[in-house]
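Letters go in sequence order (proteins before strands), and every chain restarts at 1. Everything quoted here is computed from the prediction, not taken from an experiment.
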Amino acid sequence: MSSTDYSYDDQGQFFPFFIITIVAVFTLPLTYNVLKPSSEPGATAPRIKTDFRPKHAVLIDEQKRAQKKRERKLKRGIAVVVGWAVMFFMAYLIVVTARTQTKIWNPYDILGISESATEKAIKSHYKRLSLKFHPDKVRPDPSKNITLESLNDRFVELTKAYKALTDEDIRNNYIQYGHPDGKQSFSIGIALPSFMITEGNGKFVILVYALLLGVLMPYTVGVWWYGTQALSKEKVLIESANNLFKEYDERTTEGGIITALSTGAEFKSILKGEKAESGQDKLEARILAEGEATPLAGGLTIKDRAKLEDLDGGVRRKALGLLWAYLGRVELNDQALEQAKVEVAPIAHALTQSYLAIAMAYGTVGPILNAYRTMQCLVQAVPPTASPLLQIPHFTPATVRAVEGDARTHLTVQQYMQIQEARRRSMTVGKGLLTESEYDTAMKVVKQLPRFQVEKVFFKVAGEKYITPGSLAFAVVKGRFVPPGSTNVPEVNELDLEDIDPAEDDVDAILGRKKTPAKGEAPVADDKPSQPPLAFAPYYARDYSPRWHLFLTDSKQDKMAVNVHTYTQFEKPIFDESGAPTYNMQTMKASFQTPPQAGQYTFVLNVVCDSYVGFDTKVETILTVDEASKAEEIAIEDEISEPDEDSLAGQMSMLKNGGAPPPQRRKKAVEDDDDDSDESNTEGEVDDDTSETNTDTDEE
Amino acid sequence: MFEFDWYSLLLPLAYVGVLFGSLVTFSSLYRKRKAIASATLAPWFPPHLQRNIYLSLLHLDPAEGDEKAVAVPQSVVRAALLRRATEDIHRIIQIRTAKQACATLLQRGSVGDDLWQRFLRAEKEMEDELRDVVMEANALSPNWGQTIFQSANEIAANTMLRDRLDEIQAQTESEKQWWEKRRASIQSEFMKELDSSAASSPTKIPQKAGSEDDTILVESPTSTPSSTRKRKGKK
């Protein structure tokens, strides 16, 4: 054992451990990140089956592929592979490198006797050994690598070991310091290879240290920090978000939002250099040409055109032109322009998300709804003022015109599908319109579109009969996915419409945990939430999973009342394996705090799907908040038997609830199961009204 | 006492010096850049045209050759100031409505910090502007400062309302045309129907029903699906 200051890791015994730890710290989380299944809702969703291919489908597919490539985390994958390679190499080094073990000095081992040997045995054993190993007795044998010196050493060792076991002083030394010679110098090992410390290498080590700490670390921190600073929460450039905030206007239209979107800084990256201006005239000539269904081919209104023409040239104007060209599906006859046209839509979609967040912060309903509609238009490539029928494959403005006539209002897809089959076919198929086979393809697609049909809307507080002030209530929406034009839709099962609270002792259900099947019970058939198919958006260069947004608005103040609850998947399957709709009853819930005062509140409940135009539902509802005392009363009534009317208690309770006899009220509650309808007798008329409006769904 | 080797201290001292030196340089550079960035922040509002008009009316320089500047009538100056106050009202409304939203968005990280900086600056500028208008009003006629913003508010509200009305009114021409066309087409269809024999009418009826549907505005098509569904539900 050396008695010099420090021992360095000359043989590289410890350095691999050091490196393996450092590399593992980075590699293991990264591996998880790379291997973890994509959380994107669209990753595993089914697709709507069709063989419809839009024009320029090649361009769109190319974009989709490029996007997938970007999402593939290639760099991270390489880093993981390299990390594991390094770790395996280090592990190999550890295994291969012989470890110089510091042996503990053990006199029994040296003498070759067991530790239980008595002093006498030791003595005799030593005598025998000394006879055998005394330097005078043994001849040095160079062929066996035995020299005089090694023999001497050997004998000294033996003697030391013997003394350690017999001599008092030496034995004490051995016990105290672990060595018969007394205190040994101890060494401190540093797990660094000696080349790092060697004289002359010091400056390089310092240089590396300075580079790591002074350059690399500030750089990485800076990149990370400015990276997070550059993007807003909605994953758009902060500059774009700022611009959108400035462009926000309470009375904006969808067209106004499209114009606002063109301020996005993202467009600069795809319209770099000469691309910012090239083809501008051609582009604008085409979108501002007279359109078939809309006054202008791009689907702009006169106001939108004025706004476009007010802009200075450059990226913003071109981006706006491209957006309108995309929405109007305008043929641009130019490869570069066509490609840019396909590229702008996903960017605009992301920007709309940001606009939506801004609109929500303002809380005014109009811009929020318009932002959702803009999203639908962007996904479907339909101009905001045009007919929703353009979502159907093969439908052109000419077809829409033939179907709608010169009506001012547009037919939605579901209205179109309600037209009798024969008449619909005769309206749609014809010269300059669809061919028979195209019509069949179109109908096949339409019958796969997931349209959420609201069946019932009500309010409830979990476990309570009445809604009391200041409690946590749910707006419950019951509905089914009924694709437009589906025939023989089964009737609504009344039992499905009820929202049953889990039993009070069913902790699993209350906490939203999965039910574990009890013994003997059949395991619950797969409870996996079902995903709706990816949006049918042949013109949109991304795979987009449709989302349903549920929110309540206050129609009197034109403000948001209950924030948006978004649904990307549903508890029951929407389509079965063969692709036929199951018509399962689905539930959507939005939780909110009830107002602090009892009374009736009118709300408009909106269910918006952000991927299809014209699939939105608006329902007017009335939330009735009862006095807190009413709920207490029920609790008492439940405990004690109903007081007779002529008893004192009965009269008291009569006084309390304004003369309405309790039994009658009970009956009423059974009659209409809407929780929001008022149960008191005096307002019977209002009651009917509410239940009417509840089941009534105004589709927009 | 032992000999102190001052030279060996040099290296650590140099290290500390370089460290602090670089930190100080970084911070000063960063601050300077930030100051420049905030100085060049785009203003929230476009140039204040009404204020510029008012100020140029006040300080009308004599035209070349003329001895005296053209005297601006007091009424014109007052009108200009009122216009300026009206524009201020518009801007204040904008700021008031945006403030809450901007603060929440900033907190959530949906918009950037420089937007907030711009906003605060605009707010401060508006305060100064208001004070300035009040002072100017008081200078033009005593105690007008107290009421000028009330009148300006009325004017602003009125202009907004009128703008909206104009917008709606502007649609009349196109609407009228459309209805004329529509009427003509319906009429011609009726005539055709009357001309043709009664036997052919059944095929026409759905067509007519469809067009009628559309003329009864929005309600009729929307109510159809719900009513059919309601029937289904009652079965």
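- To the nearest 0.5 Å, atoms CG (A/Leu244) and OG (B/Ser110) are separated by 11.0 Å.
- Comparing A/Ala241, A/Ala230, A/Gly363 by how many heavy-atom pairs each has under 4.5 Å with chain B, the most go to A/Ala241.
- By the neighbour-count criterion of 12 heavy atoms within 6.0 Å, atom CZ of B/Arg83 is sparsely surrounded, having that number or fewer from other residues, nucleotides or ligands.
- Counting heavy atoms of neighbouring residues, nucleotides and ligands inside a 6.0 Å radius, atom CD of A/Glu421 exceeds 12 of them.
- When the candidates B/Gly109, B/Ser185, B/Ser22 are compared by the number of heavy-atom contacts under 4.5 Å with chain A, B/Gly109 comes out ahead.
- For A/Ile358, the parts lying under 4.5 angstrom from a heavy atom of chain B are both the backbone and the side chain.
- Annotation: B/Arg108, atom CZ; neighbour count of heavy atoms from other residues, nucleotides and ligands within 6.0 Å is above 12.
- Remark: B/Tyr15 OH to A/Ile206 CD1 distance equals 10.0 Å, nearest 0.5 Å.
- With a 6.0 Å radius and a threshold of 12 heavy atoms from other residues, nucleotides or ligands, B/Lys181 has its NZ atom at or below the threshold.
- The side chain to side chain donor-acceptor pair (under 3.5 Å) search around A/Lys478 returns A/Thr587, not counting sequence neighbours.
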Task: Full working for side-chain contact (heavy atoms from CB on, under 4.5 Å) between B/Val111 and A/Ile238 - done: CA-CA 6 Å; B/Val111 296; A/Ile238 222 79; 5.8 Å; no
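- When the shell of 6.0 Å around CD of B/Gln100 is examined, it contains 12 or fewer heavy atoms from other residues, nucleotides or ligands.
- Residue contact with chain A, scored on non-hydrogen atoms closer than 4.5 Å, involves the backbone and the side chain of B/Trp44 alike.
- Heavy atoms of B/Ala98 lying under 4.5 Å from chain A belong to its backbone as well as its side chain.
- Of residues 148-173 of chain B, those residues with a non-hydrogen atom less than 4.5 Å from any non-hydrogen atom of chain A are, in numerical order, B/Arg164, B/Glu167.
- With sequence neighbours excluded, no residue forms a salt bridge (Lys or Arg N to Asp or Glu O under 4.0 Å) with A/Glu266.
- Taking CG of B/Leu105 as the start and OG of A/Ser354 as the end, the distance is 8.0 Å to the nearest 0.5 Å.
- Using a 4.5 Å heavy-atom cut-off against chain B, the contacting residues of residues 245-253 of chain A are A/Phe245, A/Lys246, A/Arg251.
- Contacts between A/Lys235 and chain B at a heavy-atom distance below 4.5 Å are absent for every atom of the residue.
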